[in-house]
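The sequence lines fix the lettering, A, B, ..., with proteins before strands; numbering per chain opens at 1.
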Amino acid sequence: MSYHKLFEKQKANCKRQTGNGRTFSIELLFAFCFLPFVVLHAQTLQESSCVACHKLLDGELLAPVTARGNDIHAQNGFGCESCHGGNPSPKVAEDADAAMSRAAGYIGKPARKNIPLLCGKCHSDPALIKKYNPALPTDQLAAYRTSQHGERLFGKGDEKVAVCSDCHGYHGILAANDSRSSVYPLNVPGTCGRCHANSEYMAAYPIGTQQVADYDSSVHGQALLRKRDLAAPACNDCHGNHGAIPPEVKNISHVCGRCHLNNADLFEKSPHAAVFEEAGLAQCEACHGNHKIIKPTEAMLDPAGQFTCAQCHEPGSEGWKNGAGMYEVLLDLMTKIRRADSLVSRAERTGMEVSEAKFVISSADDELIKARTQIHTFQAAKLKEKAQAGIEMATQAVELGRAALAELQFRRKGLAVSMVIIFAVAAALYMKIRRRDREWKEERGETPI
Amino acid sequence: MNSHAEKTGFWRERFPIDAVAYFFKKKTVPMHRHAIWYYLGGMTLFFFLIQVGTGILLLLYYRPTAEAAFESVQFIMTKVQFGWLIRSLHSWSANLMIAAAMIHMFSVFLLKSYRKPREITWVTGVLLFFLALGFGFSGYLLPWNTLAYFATKVGTEIASVIPFIGHDILIFLRGGEEVTGATLTRFFGFHVAVLPMITTLLLGIHLLLVQVQGMSVPPSQLENSAKRKPMPFFPYFLMRDLLGWLVALGVLAALAAIFPWELGEKADPYAPAPPGIRPEWYFLFMFQTLKYIPAKILFIDGEVLGILGFGLAGLIWLLIPFIDRRPEERRSSRWFTAFGWAAIAFIIIMSLIAYVIPQTF
């Protein structure tokens, strides 16, 4: 039944219900009955032939209609025909053949290998995209062609690789900054992992499926997925998103250096930069790993522990000694800070005012961070020079902590001496009162109290 | 020897030293089973004198501006020789003074010492107690730390609910719409000039009346006291007073040294109020009561009613000697005694509840 007929039928019902001889205005009731249908009618006029028909269907043929409410394209006025072609006119709503006519450009479900080109039709058009989102780049298709995914799809015809819809979805595509989107930073590892963590799906590719699990336990994964820190990198921040490729050996430090600026800069200027390049070692990755980057600590430089330098440098060699020297400097600074912290905390717990000492400790902590960065010079002497300010601050904080505790002891002793004096005077006064009371009693025969 | 005689002669000719000496020689204190409460007034005076002494020392370094107040107190506590002790003594002694004053006031009330002819002594005493609360409230803000800042904000806001003049009082107290450096300077002025001036005047009258009228004997002890000889003030009572003061000094020194008064974090007017903000203990019962009053009672705002209620209770308390006309007759005065005990129970229970239940202002 068409909506026009439904509307007429409902209008007739309204007339019957109101009857004759009612005390309220028939016109008013009429207007009230009509209102929902006027609205419904107006909506019907806007509905395309696709929606009018698909909303009467079930399952995956109904899904495009229910999903389009959130779809960023639909919100910007793009209808189904923008991707699928066909005639969206409401006039052909009851004529499926006319609506899905090849003559009207209907392509049905796009072939997988054509999806990047289909999306690129609009997303590579700067003039068009500028109208809707001037900040959105238009190089996605070009970047995709350079990616492993694009090269395999277009070069080898491998349709198992990711195309646009695999990451962004279809019918209900959300803006990338929408927290529900599959490409929102917090959701990216899961989205990539749908394929890259699926050993069965990835069996034909020699890259393993551990990446997402490794990332999950890494310092970056912990920050992004546990602490929900959006500043932490997801897969796309290192590999690129549309142009996703593994970073080459030579440009690892450029990738890491986008966030770790100082470390990358120091590394580039260090003796290691040329040696690593010659040996084909992947810069940052050689010491820190890739997906499973754990929080780096001084333990990486501990000659008695997991001494990273020992991976290449023989024990007793110049490089080995240099690494051990850096460890010694950092350990010295850290030990002093810890010592100061312990002394100051102890003094603070007893109620001593230690805000100045705490401020010095906080400054020494900042210096420790700066000193740690200097590890990437790989020169113990330079590290020692930079750590000197921190060592001096930590030493000052230790002195302040000791002074606070010494002051505490002085106060306790002072209190004890005061108490002895007060007690002695009070005792003497008490004896005096007793003596006076005795005299009083002898004189008058009764005690004063 | 001659020189000494000349000197005393010099002063004798100019001051009534002999009359004063005679007065104190003859001054006695009545003896009965409740005589122990006579020491509380002297104890309060002792803490007050410590407040004056330590307060003057703090003034040497304290700077009453929003920019420098916190830092100056921090300087006093860390750099000034024994500065920590002076500040700690000042803070602890303030609390002990209010506690002693409270006990003194309630003991005087329950022993009916306010009855004729000591009405003015009672009125000046109650006013002195209110002034002590004013000292506490104004002094609390002076270190300009977070807790003090927000407690003052809440405290002054309460004054604004008083009908008609509330907003004007708030502006007068804060020196503007908000708690700022202007409030701090103003509170400093109240704390070190206005309140001490009024206190000195009232304390003078209070002490003079106590000396002139002597100690009051409670109606229940009139017979008992008449049978016993009074205790000469000098040296018997004075020595006992001094012993009490020494004990108080010991307690105060121990508290100040073992639990030095914290300074906290510097006030940041733009920061959100931290949890656990509460006023000083002697205001807690009022804050807790205000929380339990419904938002609306009939057509009147609950908070307004609460503030007016406390104001009225304070006024009745002040005028008790003129309301309880026959305190010596136990039968007619027992309602007042019950009122006193109810007030004590109310203050204790409300304060305990406030300490047990976490505070959210």
Side-chain angles (χ1 to χ4, degrees), chain A residues 344 346-360 362 396-397 399-449, chain B residues 28-36 38-39 70-71 73-85 87-89 145 227-266:
Chain A
V344 171
R346 228 168 75 202
E348 192 178 26
R349 279 198 297 276
T350 60
M352 300 297 292
E353 167 56 43
V354 287
S355 52
E356 188 190 346
K358 282 168 79 178
F359 179 75
V360 176
S362 156
Q396 189 196 350
E399 288 308 316
L400 287 170
R402 280 193 185 132
L405 289 174
E407 170 72 14
L408 178 71
Q409 287 307 316
F410 173 73
R411 289 182 190 186
R412 283 179 177 164
K413 282 177 192 159
L415 175 66
V417 172
S418 310
M419 283 301 176
V420 168
I421 294 169
I422 291 171
F423 181 75
V425 175
L429 192 59
Y430 179 72
M431 301 303 285
K432 177 91 175 162
I433 291 170
R434 290 285 301 269
R435 204 171 69 231
R436 281 281 189 166
D437 285 358
R438 271 199 305 276
E439 286 168 14
W440 171 290
K441 193 175 180 183
E442 281 162 15
E443 219 174 274
R444 309 184 190 194
E446 65 176 13
T447 49
I449 287 188
Chain B
T28 56
V29 177
M31 284 298 108
H32 50 83
R33 57 186 291 212
H34 297 311
I36 188 84
Y38 290 151
Y39 296 99
F70 181 84
E71 284 76 7
V73 178
Q74 202 170 35
F75 183 80
I76 289 169
M77 290 183 72
T78 54
K79 305 286 179 198
V80 177
Q81 197 78 15
F82 292 110
W84 64 273
L85 182 63
R87 194 219 163 201
S88 216
L89 283 175
N145 57 30
K227 286 182 200 161
R228 295 174 65 176
K229 283 179 184 164
M231 182 194 279
F233 176 80
F234 186 84
Y236 296 92
F237 191 82
L238 185 62
M239 283 198 301
R240 285 171 166 79
D241 235 354
L242 283 176
L243 187 60
W245 290 19
L246 274 172
V247 172
L249 181 66
V251 171
L252 181 61
L255 286 171
I258 299 169
F259 307 108
W261 208 263
E262 281 185 15
L263 180 56
E265 298 286 324
K266 185 175 179 174

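Residue A:Glu353 holds its CD atom at 9.0 Å from CZ of B:Arg87, rounded to the nearest 0.5 Å. For the atom pair CZ of B:Arg240 and CG of A:Asp437, the computed distance is 4.5 Å after rounding to the nearest 0.5 Å. One distance of note links CE of B:Met77 with CE of A:Met352; it measures 8.5 Å at 0.5 Å rounding.
Within 6.0 Å of atom NZ in B:Lys266, more than 12 heavy atoms from other residues, nucleotides or ligands are found, so the atom counts as buried in its surroundings. Other residues, nucleotides and ligands place no more than 12 heavy atoms under 6.0 Å from the CD atom of B:Glu262. By the 6.0 Å contact criterion, CD on B:Glu265 is open, its count of non-hydrogen atoms from other residues, nucleotides or ligands being 12 or less.
Both the backbone and the side chain of B:Ile258 come within contact range of chain A, judged by heavy atoms closer than 4.5 Å. Looking at B:Phe237, there are no atoms closer than 4.5 Å to chain A (heavy atoms on both sides), in backbone or side chain. In this structure, the portion of B:Lys79 lying under 4.5 Å from any heavy atom of chain A is its side chain and not its backbone. Contacts between B:Pro235 and chain A at a heavy-atom distance below 4.5 Å involve the side chain alone, from C-beta outward.
At a heavy-atom separation below 4.5 angstrom, chain B is approached by A:Leu415, A:Met419, A:Ile422 within residues 414-424 of chain A.
Taking the side chain as every heavy atom from C-beta outward, B:Trp84 and A:Arg411 approach each other to under 4.5 Å. A:Glu356 places none of its side-chain heavy atoms less than 4.5 Å from the side chain of B:Thr78. The shortest distance between side-chain heavy atoms of A:Ile433 and B:Tyr236 does not fall below 4.5 Å.
What you find for A:Gly351 and B:Pro260 is that their closest heavy atoms are O-CG, 3.5 Å.
Applying the side chain to side chain contact (heavy atoms under 4.5 Å, CB included) rule to A:Phe359 yields the partners A:Ser363; only residues at least two apart in sequence or on another chain are considered.
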Checklist entry - Are B:Gln74 and A:Ser355 close enough, and set up right, to give a side chain to side chain donor-acceptor pair (under 3.5 Å), and what steps lead you there? => result CA-CA 9 Å; B:Gln74 202 170 35; A:Ser355 52; 2.5 Å; yes

